[in-house]
Amino acid sequence: MRKMAIGQPAPDGRTGRAATIHEVARAAGVSHQTVSRFLRGQGGLKPQTLQKVTQAIERLNYRPNLAARSMRTRRSGRVAVVLPGPADVVPTRLLNGAADVAHEFGYLLDVVGLEGDASARAERIRILLHPENVDGILSFTQLTTGMAGVDVASFPVPVVVEGEYDDNMRAQGLLADASPMAEIVRRLAADGHRRFVHVAGSDLWASARNRRTVYETTIAQLGLTSCAVVQGDWTVRSGWEAATTVIPRCGATAVLAANDRVAFGVIQGLQSLHVDVPRQVSVVGWDDEEIGRFMRPTLSTVRIDRERQGREAMGRLLALLRGEEPTSLPTPSGLSRLVLRESTGPAPTG
């Protein structure tokens with residue numbers, strides 16, 4: 001790779017120094033005020049203008065001068081994402097979506113875990129609330145539960161609390177929506193399946209409890225047979241054990257797994273017994289993990305668009321920072337969809 005000396009012209013004719021907002025404006029054929037409006041996300045720009053500015057920023061590798069902006073606006077140029085902590089599960093896709101939007105509008109993203117007892121958490125929040133530390137807070141956990149003296153309404157910076165998670169990032173409330181489970185059962189019933197097994201997740205999770213409830217309710221509504229509900233723990237092992245002990249003996253032709261890892265264990269266990277998936281048994285997972293797209297057969301699953309959830313949550317926070325009305329919350333059904341692949345098919349005949 002050829003190195004570029006400082007001051008040497010870059011391939012686009014610039015020197016090796018960082019591009020300025022005025023150079024971006026010239027490259028895009030607009031005023032620097034227009035570029036500034038774009039960076040602040042103020043809206044009102046024509047689509048062709050947005051495209052020109054975006055292309056110029058990418059071509060020149062422009063990065064906003066956050067220090068200068070902070071001196072002019074008395075803002076930090078940073079937003080914080082708050083997670084419960086310590087958490088065993090880091091919501092990577094959720095954070096990626098939030099970070100993409102924050103960076104697009106020139107903000108740095110700090111990820112903060114709330115650890116310790118209520119007093120320690122309250123002190124951490126109070127430190128964050130100073131405007132010189134962050135411009136706004138996006139929290140994926142309730143900020144005031146058990147924290148005496150911490151009042152969201154009086155926060156000096158904008159705050160968006162998105163979703164409901166407990167201290168181990170276990171979804172609760174709307175984020176534990178299990179409505180796709182009914183769609184799965186109905187779809188498999190339409191393919192002729194009448195005998196089902198559900199390999200559940202840990203009862204510590206509201207999402208696992210909700211999926212089991214929706215599964216049992218839908219089975220009863222349609223007059224189908226639930227051969228068994230196997231208590232699992234989200235692991236491949238629990239799927240394998242269900243497949244090698246319960247499923248073959250009960251005559252089920254469809255298995256609904258708590259997540260993709262459990263489904264992987266189910267399929268591997270059935271295949272070890274020479275049970276064909278999906279000719280003899282159809283299997284559906286949940287979460288659309290990468291493993292499901294490359295296993296054989298490829299896995300039918302439920303995809304939850306966590307990236308979109310993160311993007312829209314950060315978008316609501318940035319709207320508050322601009323003094324605008326934030327967009328409405330997405331509905332759980334709008335975040336999830338059933339993805340059918342090779343692991344499901346018609347019920348076997350004969």
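These numbers come from the heavy atoms of this one structure, side chains and all, not from hydrogens, waters or symmetry mates.
Salt-bridge formation is detected for the pair E312/R308: a Lys NZ or Arg NE/NH1/NH2 atom is positioned less than 4.0 Å from an Asp or Glu carboxylate oxygen. The residues E241 and R237 are annotated as salt-bridged, a charged nitrogen and a carboxylate oxygen being separated by less than 4.0 angstrom.
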* Verify side chain to side chain contact (heavy atoms under 4.5 Å, CB included) between V79 and L317, making sure each step is shown before the conclusion. => CA-CA 9 Å; V79 292; L317 176 61; 4.2 Å; yes

* side chain to side chain contact (heavy atoms under 4.5 Å, CB included) between D276 and L270, worked out -> CA-CA 7 Å; D276 186 273; L270 290 175; over 6 Å; no

* To do: Please assess L299 against R293 for the test side chain to side chain contact (heavy atoms under 4.5 Å, CB included), listing each intermediate value before the final yes or no.
  => CA-CA 6 Å; L299 182 63; R293 297 191 288 273; over 6 Å; no

* To do: Using the side chain to side chain contact (heavy atoms under 4.5 Å, CB included) rule, take V157 and D135 through it: C-alpha gap first, then chi angles, then the decisive distance, then the call.
  => CA-CA 6 Å; V157 299; D135 294 343; over 6 Å; no

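The heavy-atom pair separating S226 from Y215 by the smallest distance is OG-OH, 2.8 Å. P348 and H193 get closest at one heavy-atom pair: CD-CE1, 4.5 Å. Closest approach of S343 to P278, counting heavy atoms only: O-CB, 3.4 Å. When every heavy atom of E307 is checked against every heavy atom of R93, the shortest pair comes out as OE2-CD, 3.0 Å. Scanning both residues, P297 and Q271, for their nearest heavy atoms gives CD-NE2, 3.6 Å. Between V101 and G315, the shortest heavy-atom distance links the atoms CG1-N, 4.2 Å.
T344 and S300 are linked by a side-chain donor-acceptor pair at a separation below 3.5 angstrom, with hydrogens and angles left out of the test.
The CE atom of M314 sits 9.5 Å away from the CG atom of L321 when rounded to the nearest 0.5 Å. Here T218 contributes atom OG1 and F196 contributes atom CZ; the two are 10.0 Å apart, rounded to the nearest 0.5 Å. The CG atom of L188 sits 8.0 Å away from the OG1 atom of T253 when rounded to the nearest 0.5 Å. Atom OG1 of T54 is separated from atom CZ of R59 by 11.5 Å, given to the nearest 0.5 angstrom. We find the CG-CG distance between L95 and L109 to be 7.5 Å, quoted to the nearest 0.5 Å. Atom CH2 of residue W205 and atom CG of residue N259 lie 9.5 Å apart, to the nearest 0.5 angstrom.
Shown here are the salt bridge (charged side-chain N to carboxylate O under 4.0 Å, His left out) partners of D203, two or more places apart in sequence or in another chain: there are none.
Between the side chain of T225 and the backbone N or O of C227 there is no donor-acceptor pair closer than 3.5 Å. In terms of modelled atom types and a separation under 3.5 Å, the side chain of D260 and the main chain of W286 share a donor-acceptor contact. Counting only distance, with no hydrogens or angles, the side chain of S282 and the backbone of G345 share a donor-acceptor pair below 3.5 Å. For the pair D287 (side chain) and E289 (backbone), a donor-acceptor distance under 3.5 Å is absent. Remark: the backbone N or O of V30 is not paired with any side-chain donor or acceptor of T34 at under 3.5 angstrom. Of the possible donor and acceptor atoms, none in the side chain of R303 sits under 3.5 Å from a partner among the backbone N and O of L338. Listed for the T217 side chain is no donor-acceptor partner under 3.5 Å among the backbone atoms of V214. With R78 contributing its side chain and Y107 its backbone, the two residues share no donor-acceptor pair below 3.5 Å. With hydrogens and angles disregarded, no donor-acceptor distance shorter than 3.5 Å links the side chain of R212 to the backbone of V229. No donor-acceptor pair under 3.5 Å is formed between the side chain of E342 and the backbone N or O of R296.
When hydrophobic clusters are built by joining Ile, Leu, Val, Met, Phe, Trp and Tyr residues whose side-chain heavy atoms come closer than 4.5 Å, directly or via intermediates, L340 is grouped together with I304. When the side chains of ILVMFWY residues are joined at heavy-atom separations under 4.5 Å, either directly or via intervening members, V160 and L83 end up in a single hydrophobic cluster. Residues L273 and V199 fall within the same hydrophobic cluster, defined by Ile, Leu, Val, Met, Phe, Trp and Tyr side chains chained together at heavy-atom separations under 4.5 Å. A continuous path of Ile, Leu, Val, Met, Phe, Trp and Tyr side chains, each step under 4.5 Å between heavy atoms, connects V281 with V236, placing both in one hydrophobic cluster. Note on F105 and V111: same hydrophobic cluster, where clusters join Ile, Leu, Val, Met, Phe, Trp and Tyr whose side-chain heavy atoms are under 4.5 Å apart, directly or indirectly.
In this structure, Q268 and W240 have side chains that are in contact, with non-hydrogen atoms separated by less than 4.5 Å. Considering only heavy atoms from C-beta on, L256 comes within 4.5 Å of V185 through its side chain. Residues M181 and V302 form no side-chain contact, since every pair of their non-hydrogen atoms from C-beta on lies 4.5 Å or further apart. Proximity of T244 to S272: side-chain heavy atoms (C-beta onward) are separated by under 4.5 Å at one or more points. Taking 4.5 Å as the limit, every side-chain heavy atom of R306 sits out of range of all side-chain heavy atoms of R311. The shortest distance between side-chain heavy atoms of V81 and D110 does not fall below 4.5 Å. Within the 4.5 Å cutoff, the side chain of V197 has heavy atoms near those of the V230 side chain.
Sparse packing is recorded around CD of E290, with 12 or fewer heavy atoms of other residues, nucleotides or ligands lying under 6.0 Å away. Within 6.0 Å of CZ on R279 lie no more than 12 heavy atoms contributed by other residues, nucleotides or ligands.
Partner R341 forms a side-chain hydrogen bond (donor to acceptor under 3.5 Å, both in side chains) with one of T298, T301, D288 and no other, that one being D288.
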